[in-house]
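These notes concern the structure reproduced below.
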Amino acid sequence: EICACLVGSEMCIRDRVRKNREHVSRFLHKCVQKFQPPGGTFGSLGHIRTLFGMSPRLKACFQSKSRFKLTLLIQMEELDMEKKEQLYEGKAKKVFATDDANLVIVDYKDDATAFNGEKKGTITGKGVINNVMSNHMFQLLEQQGVPTHFVEQLSERETLVKKVSIVPLEVIIRNISAGSFAKRFGVEEGIVFDEPTIEFSYKNDELGDPLMNAYHAIALKAATREEIETIKAMAFKVNEVMKQYFDTLNVILVDFKLEFGKTADGKIVLADEISPDTCRLWDKTTKEKLDKDRFRRDMGGVEEAYQEIMKRVMGK
Ligand code: TMP
Ligand code: ASP
């Protein structure tokens, strides 16, 4: 049973770590009693990382079910990633290196901007809410078969994620007219579409993220045709999952923005965040705005709206 779990999937092990550290500690201890890697003593952080990363050698070792003698002392605290140098600072998040080249730590700030950084402010507590909510959404999406960059939440504001190169496209899905759609086409907000729409903008602050179509993206080598097809399919799937989910919280998912990344092995995964910063969320009964539009439009009640969404998503 232990063997099956270990070779089963990386996620399965990570799930156990997240849910119950004591249980995992006991679980690994049992593994240790049962299997011993050839000639080795586990105990260092590197070894544990290898175990979680499922190196082919270790996999073979567990699959072989041979009974090696072993010692393994695991301090669960050792699983905590070391935060190294800052790699990047964006408008709402910072990104730090770790001692694993394939993993980085994102750190969510309370800073808020709008209109390409022209309007600046602080939304107290936003960093915590956006971190916790994004992680909740990413885990829900993973369960529904959407690959994401999420690995493990480390603290209220920090999350360990796979290192990706961000595809320079902001992918926007809309179910209801609002924001720039309403403005561009001269229609009121709140028109429910028969089908969701998708659009891309080129992620470039200097140019103000101009709207672009798939041909433009290919011409600029922002993504390949195949990558765009993958991204489109994933974005619509995300919409279906999220629309249904928010409905159960008495919230309408009006529109949202996604970003995708490419892992070292070229796989496209959902990245960035899913939060009231990047979604338009209206209360289903009152149509009250529960998202960043309250900040963009100086409506007041900004913190309260973020807290209300957090309460509905996390039940607190
Ligand atoms: P828009 O109507 O202003 O184009 O916004 C569409 C959605 O994208 C909305 O849910 C807010 C989100 N969004 C971002 O996440 N970042 C941005 O920079 C912009 C302009 C919009
Ligand atoms: N975050 C974007 C910016 O600074 C815009 C927005 O979310 O409205 O400008």
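Counting starts at 1 for both ligands and their atoms, in listed order.
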**Request:** Check ligand 1 against Thr278 and write out every atom of the ligand that is under 4.0 Å from a heavy-atom position of the residue.
**Result:** 10 (O), 12 (C), 15 (O)
**Item:** Residue pair Glu142 / Thr148, side-chain donor-acceptor N/O under 3.5 Å
**Value:** yes
**Message:** Within the 4.0 Å heavy-atom shell around Phe115, which atoms of ligand 2 are there?
**Reply:** 5 (C), 9 (O)
**Item:** atom 5 (O) of ligand 1: nearest protein contact (heavy atom, Å)
**Value:** Arg280 NH1, 3.4 Å
**Request:** Give a yes or no on whether the backbone of Asp205 and the side-chain of Asn116 come within a donor-acceptor separation of less than 3.5 Å.
**Result:** yes
**Prompt:** Is atom 12 (C) of ligand 1 in close reach of the protein, with a heavy atom under 4.0 Å away?
**Reply:** yes
**Request:** Given side-chain hydrogen bond (donor to acceptor under 3.5 Å, both in side chains), test Asn239 with Asn175 step by step and report yes or no.
**Result:** CA-CA 9 Å; Asn239 186 42; Asn175 295 304; 2.9 Å; yes
**Flag, side chain of Asn135 to backbone of Asn131, donor-acceptor distance under 3.5 Å** = yes
**Item:** Ligand-side contact atoms (ligand 2) for residue partner Lys292, heavy atom cut-off under 4.0 Å
**Value:** 1 (N), 6 (C), 7 (O)
**Message:** As a check for students: among Ala92, Ser201, Ser180, identify the option with a heavy atom nearest to atom 1 (P) of ligand 1.
**Reply:** Ser180
**Message:** For atom 8 (O) of ligand 2, what's the nearest protein heavy-atom neighbour? Residue, atom name and distance, please.
**Reply:** Arg296 NE, 2.6 Å
**Request:** Show which atoms of ligand 1 fall inside a sub-4.0 Å distance from at least one heavy-atom site of Gly179.
**Result:** 2 (O)
**Item:** Ring-ring centroid check His136 Tyr245, cutoff 6.0 Å
**Value:** yes
**Asked** With a cut-off of 4.0 Å, which atoms of ligand 1 are near a heavy atom of Phe256?
**Response** 10 (O)
**Item:** Option with minimal heavy-atom separation from atom 3 (C) of ligand 2, where the choices are Asp111, Thr278, Asp209, Thr113
**Value:** Thr113
**Numbered atoms and elements of ligand 1 in range of Asp277, under 4.0 angstrom, heavy atoms** = 15 (O)
**Asked** Nearest non-hydrogen atom to atom 18 (O) of ligand 1 belongs to which of Arg296, Glu170, Lys257, Arg174?
**Response** Glu170
**Short N-O contact, Asp107 and Lys93, less than 4.0 angstrom** = no
**Request:** Measure the spacing between NZ of Lys203 and CG of Asp272 and express it to the nearest 0.5 Å.
**Result:** 6.5 Å
**Message:** Check this for me, if you would: do Lys126 and Glu303 make a salt bridge, where the nitrogen-to-carboxylate-oxygen distance has to be below 4.0 angstrom?
**Reply:** no
**Message:** Students should be able to answer this: which protein heavy-atom is nearest to atom 9 (O) of ligand 2, and at what distance?
**Reply:** Asn116 N, 2.7 Å
**Message:** Is there a polar contact, in the sense of an N or O pair closer than 3.5 Å, between Asp255 and ligand 1?
**Reply:** yes
**Prompt:** When rounded to the nearest 0.5 angstrom, what distance separates CG in Asn130 from OH in Tyr108?
**Reply:** 7.0 Å
